[in-house]
> 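Please find one structure pasted underneath; my questions will follow.
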Amino acid sequence: MTPPDGQIEPAQDLLASLTDEQRLAAETTEGPVLVVAAAGSGKTRVITRRIAHLISMGIPSWQILALTFTNKAAGEMRERVELLLADAGMGERVRRGLTVTTFHALCARLLRRYAPMMEGAPRWGIHADYTIYDTDDQVALMKGILKEMNLESSRWPPRTVLSVISDAKNRLEDAEEFEKSAMDFYSRSVAKIFSAYEKGLRLANAVDFDDLLTLTVRLLRECEEARTEVQQRWRYLMIDEYQDTNHAQFVLATLLCGRDEETGDAPNIFVVGDPDQSIYGWRGADITNILEFGEHYPGAKVIRLGQNFRSTAPILKVADTLIRNNKKRIHKDLYTSDEGGDAPEVVLCADEHHEARLAVDWFKKLHEEGALTWKDMAVFYRNNALSRVMEDALRTANVPYVIARGTAFYQREEVRDLLAYLRVLANPSDDVSLKRIVNKPARKIGKTSLSRVEEEASMQGRPIMEALRTASSIAGLSPAATKAMAKFVTLFDEWSQGGTFMGTSMETPLSDLVSRVLVQSGLQAHYRAAAERSEGDAEKPANLDELVSAAAEFEERYDPSADPALQPLPDGSPPETPPLLAMLRAFLESVALVADADKVDPAAGAVTLMTLHAAKGLEFGAAAMIGLEEGLLPSARALEEDPEGEEERRLCFVGITRAMRHLIITCAKYRTIRGLRERTVPSRFLSELPQDSIRVSDQSEAFEEFEYWDDDEPRAPSTGASRAPRRAPSSSSGAGSPARKRELAQLAFGVGSNVRHAQFGIGEVKSISGAGVNLRATIAFRDVGTKTLVLQYAKLTPV
DNA sequence: AAAACTGCATCTCAA
DNA sequence: ATGCAGTTTT
């Protein structure tokens, strides 16, 4: 493989294994290029070969920028390029400086680098140590703002307001512009909230996910120096999944590649995408970006990749037939040379338990046949709630599985707590994080004292931390409170060494700092004590330790020379950021930007469970798609905006095209939704499939007859799951007074009696509370700790 | 100040 | 069935 003298191998060999159309795409290196790549047509192959090809042609790798939507996609792309280059005999030196990253990470980086130049700008300036607010932080901030504005959060649901604001930001509209176009009462009110929200973010020196994009656009538009530097460095821009870019990302791309606003002329922008896989409309993705690429970039070359290398002919036929039902679409021919393969199966199941077991049995059968391992299999569903029953089935069947929820770990209470400490340490203005931890663990800074300080802070327009520093001069605070506050402030001063973070020395590694914060904040003791008391909190101390490990791992990967905060400033002066602080920021940033899809680990020997959105871009030997029912897929919410359900159909299309050889699609006749067992309607998409290319079977009856009851011991008829569809028990019996119900419940499950739960095991009833449909029992389970169950639905039997 | 209780709303999807 | 916010209890 490697040429003997280590010389660069002729570029032809890098492209040797490509088809003619793929090769054309990889070789078209100059000018704007759009590659319309059908599912499974090898677009990642094309991008990676193209990068390697460019480098082999002598283009310095630091001039190449490739953008993706997830870290995982970026990581894989980088890896494959490195492999190609190594195979071609090119050393590490050649690929140094190559940038393959996500939109959001690139923006975070640019904002850090150029933050000093934006600080002067009053309304949008941020400091380099800004915090990235995720959805939960946004909601917390928004709640505070609504409260301050005396708006009921019932009439102004924070998430709804935030989504209106997010839409505006994605259109690159700021609060002021939004207000100008706000005519009706509702949007005028939102405009006021928008403006207050922005103020809150800037005061906290925080940005939300949308800001990462919009502020970067603003930076590149308004700061010529930054724009020039960026455009001169990156001469070859590549964007993956271009169909999912929103307006802000579109504009960002024009700025990065140096598109001429007048003529549309642009040097080298290369985008790859598939309009049929556009599934992020709700996040502002604008499909016209890809459809009108030719108009945006006159003279663009368009290359179509139609040959599918992934799926068998029957699977492809099913996908193609389905997607043809979309009216707003440019038809592409999908074809494959892989003619064999089984027909995909469509099964009507009795309910979600049947569905789950059916899928597990199907996986086991495939596994036994030997051609596939667990990691070649996946389950796709429309929403996360659908994973639970599937997990249970896999667990009882002892089939290893992983759920693709990369963000789940970082959303745990205890982990967020520790991160909040770290965030305040890196950015003392971060009020949302500060409020989260100021009295956790309890340190005598109660609600009343804190609201006094908050009041003072907001009057002076300063962050809470600053007000805490001057607590002794705030009227109306008890000496005890002042003292507690001083102690709290001291904690942070000691961790940051009075803000110096040890200056330029790096004696303290990041993991030591994190570990010290964990211990000295009192969080560790707090959660250890909690773990003693309650089974449910048992794993919290371990999760905290895991975050320390994550910091240690990050430390290994971290490359200070690549940290924009440690580069000399654009004006040539040396960086001011202490290395430890820079590393802390970079760590927090990497945590903020993990995606669910990042957790899909091909090395894990396990079946992967994920949403259809997370599945995009992946492929599996065998895939099960569950919950093909009206209201779920297509989802009821999505149909409100788009009655045709075209995006939902594309989502279904994405799922089908992930499967290489085996595909099963299921639909349950009954499904428990919000505790109520309900009759379902099969998805419209099922009837759109080519009936002669699939095998349809109705197994719902058989399951009810023979399988339903054989999993564990019989349940008490009065409380067991009913096989027939069932509503809430009728209250027409007349004996429905709360007192009477409580009495009945205590007869069945008296306080102190032992009960068995199908899932949680054996436990002791501690108390009975509530009334009517809300009658609940608090039960201390032996294995899983104390839970409160609604008696009406809980599957309990007396022991 | 923490824990328990209760009424109420609720489930997309996610960087 | 679960999670929350606000309230009551310990």
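Every chain is numbered from 1, with letters handed out A, B, ... down the list of sequences. The shown structure was predicted, so the numbers you read here are calculated from the model rather than taken from an experiment.
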> Rounded to whole angstrom units, what separation is found between the CD1 atom of Ile673(A) and the C1' atom of dT12(B)?
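That distance rounds to 13 Å.
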> Stacking between dT12(B) and Trp282(A), yes or no? Criterion: centroid separation under 5.5 angstrom, plane angle under 30 degrees.
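Check failed, Trp282(A) does not stack on base of dT12(B).
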> Looking at Phe620(A), I'd like to know if the NZ or CZ of Arg658(A) sits under 6.0 Å from its six-membered ring centre while staying within 45 degrees of the ring's axis.
no
> Pick base, sugar-phosphate or nothing for Thr102(A), based on heavy-atom distances below 4.0 Å to the nucleic acid.
nothing
> Would you mind reporting whether Arg677(A) and Asp351(A) have side-chain heavy atoms less than 4.5 Å apart?
yes
> Does the ring centre of His613(A) sit less than 6.0 Å away from the ring centre of Tyr280(A)?
yes
> Given side chains that start at C-beta, do those of Thr396(A) and Glu391(A) come closer than 4.5 Å, heavy atoms only?
no
> Separation of Tyr133(A) atom OH from dA15(B) atom C1', in whole Å?
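Going from Tyr133(A) (OH) to dA15(B) (C1'), I get 18 Å.
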> Go through dA15(B), dA14(B), dT10(B) for me and flag the one nearest to the Tyr280(A) side chain.
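Closest nucleotide to the Tyr280(A) side chain: dA14(B).
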> Nearest whole angstrom, please: distance from the P of dC13(B) to the CE of Met610(A).
15 Å
> Asn383(A) side chain to Leu632(A) main-chain N or O, any donor-acceptor pair under 3.5 Å?
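A pair under 3.5 Å: no.
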> A quick test of your reading: do over 12 heavy atoms of other residues, nucleotides or ligands sit less than 6.0 Å from NZ of Lys440(A)?
yes
> Between atom NZ in Lys72(A) and atom C1' in dA15(B), what is the gap in whole Å?
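Taking NZ of Lys72(A) and C1' of dA15(B), I get 16 Å after rounding.
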> Expressed as a whole number of angstroms, how long is the span from Lys444(A):NZ to dA2(B):C1'?
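Roughly 13 Å, once rounded to whole Å.
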> Please confirm whether the shortest side-chain N or O distance from Asn384(A) to OP1 or OP2 of dC13(B) is below 4.0 Å.
yes
> Between dC4(C) and dC13(B), how many Å separate the two P atoms, rounded to a whole number?
15 Å
> Rounding to a whole Å, what distance do you find between Arg412(A):CZ and dG3(C):P?
12 Å
> Is the phosphate of dA14(B), meaning OP1 or OP2, less than 4.0 Å from a side-chain N or O of Lys616(A)?
no
> Could you check Thr70(A) against Asn439(A) and say which one's nearest nucleotide on DNA chain B is further toward the 5' end?
Asn439(A)
> Could you work out which one of dT12(B), dA15(B), dT2(C) sits closest to the side chain of Arg388(A)?
dT2(C)
> Is the shortest heavy-atom distance from the side chain of Thr68(A) to the side chain of Glu241(A) under 4.5 Å?
no
> When you measure from the centre of the six-membered ring of Tyr130(A), is the NZ or CZ of Arg112(A) closer than 6.0 Å and no more than 45° off the axis?
yes
> What is the separation between atom CD on Glu241(A) and atom C1' on dA15(B), rounded to the nearest whole Å?
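Interatomic distance, CD of Glu241(A) to C1' of dA15(B): 14 Å.
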> Below 4.0 angstrom, which residues in residues 637-650 of chain A have at least one non-hydrogen atom near DNA chain B?
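Listed by number, they are Arg637(A), Ala638(A).
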> Which residues pass the ring-ring contact (aromatic ring centres under 6.0 Å, His included) test with Tyr381(A), sequence neighbours left out?
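For Tyr381(A) there are no ring-ring contact (aromatic ring centres under 6.0 Å, His included) partners, ignoring immediate neighbours.
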> Can you work out whether Arg443(A) or Thr611(A) has the more 5'-proximal nearest nucleotide on DNA chain B?
Arg443(A)
> Rounded to the nearest Å, what distance is computed from the CZ atom of residue Phe209(A) to the C1' atom of nucleotide dA14(B)?
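My rounded result for the distance is 8 Å.
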> What does the list of N/O pairs under 3.5 Å between the protein and nucleotides 7-10 of chain C look like, with a distance for each?
none

> Report yes or no: is the cationic atom of Lys444(A) (NZ for Lys, CZ for Arg) closer than 6.0 Å to the six-membered ring centre of Phe488(A), at no more than 45° off its axis?
no
> Among the candidates dC11(B), dA14(B), dC13(B), find the nucleotide nearest to the side-chain atoms of Arg674(A).
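Closest of the options to the side chain of Arg674(A): dC11(B).
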> Name the closest nucleotide to the Ser635(A) side chain, picking from dA14(B), dT12(B), dA5(C).
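The listed nucleotide nearest to Ser635(A)'s side chain is dT12(B).
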> Any idea which of dC13(B), dA1(B), dA14(B) is nearest the Ala442(A) side chain?
dA1(B)
